[in-house]
Amino acid sequence: MTPLIIAIDGPAAAGKGTLAKRLAARFGLPHLDTGLLYRATGRRVLDAHGDPADPATAEAAARALRPEDLARADLRGPEADAAAASVASIPAVRAALLDFQRDFGRARGAVLDGRDIGTIVFPDAPAKLFVTASAEARGLRRWRELAGRGLAADLAEVTAQVRQRDAQDAARAAAPLRQAADALLLDTTELDADATEARALALLRERRGIVPPG
Ligand code: DC
């Protein structure tokens, strides 16, 4: 039997990560937050005082990535966000990270969340969700997340940054953020984490006949 792949894509702060973790637990599958690959690549470039927009430097960093890089504590924050978005727009970086993602999924099945999982990484995944929410709702979530980590920020500024990063992810030539034709749309603007999970499980069951084991 082919192991199950659940592909979750969508813009920043739409609730993909929380949903991916919960579905992984429900289905007994490993979870990969693929944004961490781009974040860790950007971080490696910054460590070496390189330019995250330079293709050769960024590709070398992506190829040198080790699993322990994904556990670093400094992968979030404005500097890491910007470096990740830069390296993510470089085709050679995306190509270098493709095998890691595919090997991860093929081993035992997986829930992967990112921007191009359903379109590029696993185009044949039987379960694809495109998770989104209004920019205002996503800005507020990101702002709360920062506040929870003790980082004071301006809500309007955080929302503007979320919009700007989405625009960058959607406009880039290499694997732009878009909904796969066969992805199920899940708008979380009015949903909390529990309601999002319930809706995702209902969509997978009703539209794809996929239910958690047990
Ligand atoms: O989901 P995130 O904010 O951690 O992602 C960090 C950056 O990496 C963001 O600019 C989008 C990009 N990314 C991507 O291009 N493809 C993915 N599969 C995951 C993330």
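Note that the coordinates shown come from a computational prediction; the quantities given were computed from them, not determined experimentally. Read the numbers this way: they start at 1 and go in the same order the structure lists the ligands and their atoms.
The proximity of Gln168 to ligand 1, defined as any non-hydrogen pair under 4.0 Å, does not occur for either the backbone or the side chain. With a 4.0 Å heavy-atom cut-off, ligand 1 is reached by the backbone of Ala85 and by its side chain too. Only the side chain of Arg172 comes within contact range of ligand 1, with a heavy atom under 4.0 Å; no backbone atom does.
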Apply side chain to side chain contact (heavy atoms under 4.5 Å, CB included) to the pair Leu97 and Thr41, showing each step before the final yes or no. CA-CA 10 Å; Leu97 298 176; Thr41 299; 4.1 Å; yes
As a quick check of understanding, evaluate side chain to side chain contact (heavy atoms under 4.5 Å, CB included) for Phe130 and Leu184, giving each step before the final call. CA-CA 6 Å; Phe130 191 81; Leu184 300 164; over 6 Å; no
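Nearest residue to atom 5 (O) of ligand 1 from Gly35, Ala80, Ser86, Pro176 is Gly35 (criterion: closest heavy atom). Scanning Asp116, Leu97, Thr34 for the heavy atom closest to atom 19 (C) of ligand 1 points to Thr34.
A salt bridge does not link Asp116 with Arg178: none of the charged nitrogens is closer than 4.0 Å to a carboxylate oxygen.
The protein atom (non-hydrogen) at minimum distance from atom 7 (C) of ligand 1 is Ala84 CB, 3.8 Å. The closest protein non-hydrogen atom to atom 3 (O) of ligand 1 is Arg39 NH2, 2.9 Å. Atom 1 (O) of ligand 1 has Arg115 NH1, 2.8 Å as its closest protein atom, hydrogens excluded (heavy atom only). Of the protein's heavy atoms, Tyr38 CB, 3.5 Å lies nearest to atom 8 (O) of ligand 1. Regarding atom 12 (C) of ligand 1, its nearest protein heavy-atom neighbour is Ala88 CB, 3.8 Å. With hydrogens left out, the protein atom closest to atom 16 (N) of ligand 1 is Arg94 NH2, 3.0 Å, a heavy atom.
Between Asp74 and Ala80, the closest heavy-atom pair is O-CB, 4.0 Å. Residue His31 comes nearest to Ala20 through the heavy atom pair NE2-CB, 3.4 Å, listed as atom of the first residue, atom of the second, then distance.
Side chain of Thr18 to backbone of Gly15: no donor-acceptor contact under 3.5 angstrom is found.
Residue Gln101 has no nitrogen or oxygen atom sitting less than 3.5 Å from a nitrogen or oxygen atom of ligand 1, judged on distance alone.
For ligand 1 and Asp169, the ligand atoms under 4.0 Å from any heavy atom of the residue are 9 (C), 10 (O), 11 (C). Of all atoms in ligand 1, numbered sequentially from 1 with element shown, those under 4.0 Å from a heavy atom of Arg165 are 3 (O), 6 (C), 9 (C), 10 (O). Near Gly114, with a cut-off below 4.0 Å to any heavy atom, the atoms of ligand 1 are 17 (C), 18 (N), 19 (C).
Under the side-chain contact (heavy atoms from CB on, under 4.5 Å) criterion, Arg149 pairs with Arg76, Glu145, Leu146, Leu151, sequence neighbours left out. Not counting sequence neighbours, the partners of Ile210 by the side-chain contact (heavy atoms from CB on, under 4.5 Å) test are Leu4, Phe27, Pro126, Ala127, Leu204, Arg208.
Tested against Thr34 for a side chain to side chain contact (heavy atoms under 4.5 Å, CB included), the candidates Leu112, Asp9, Ile8 yield a single pass: Leu112.
Side-chain polar atoms of Thr188 and Arg141 form a donor-acceptor pair below 3.5 angstrom.
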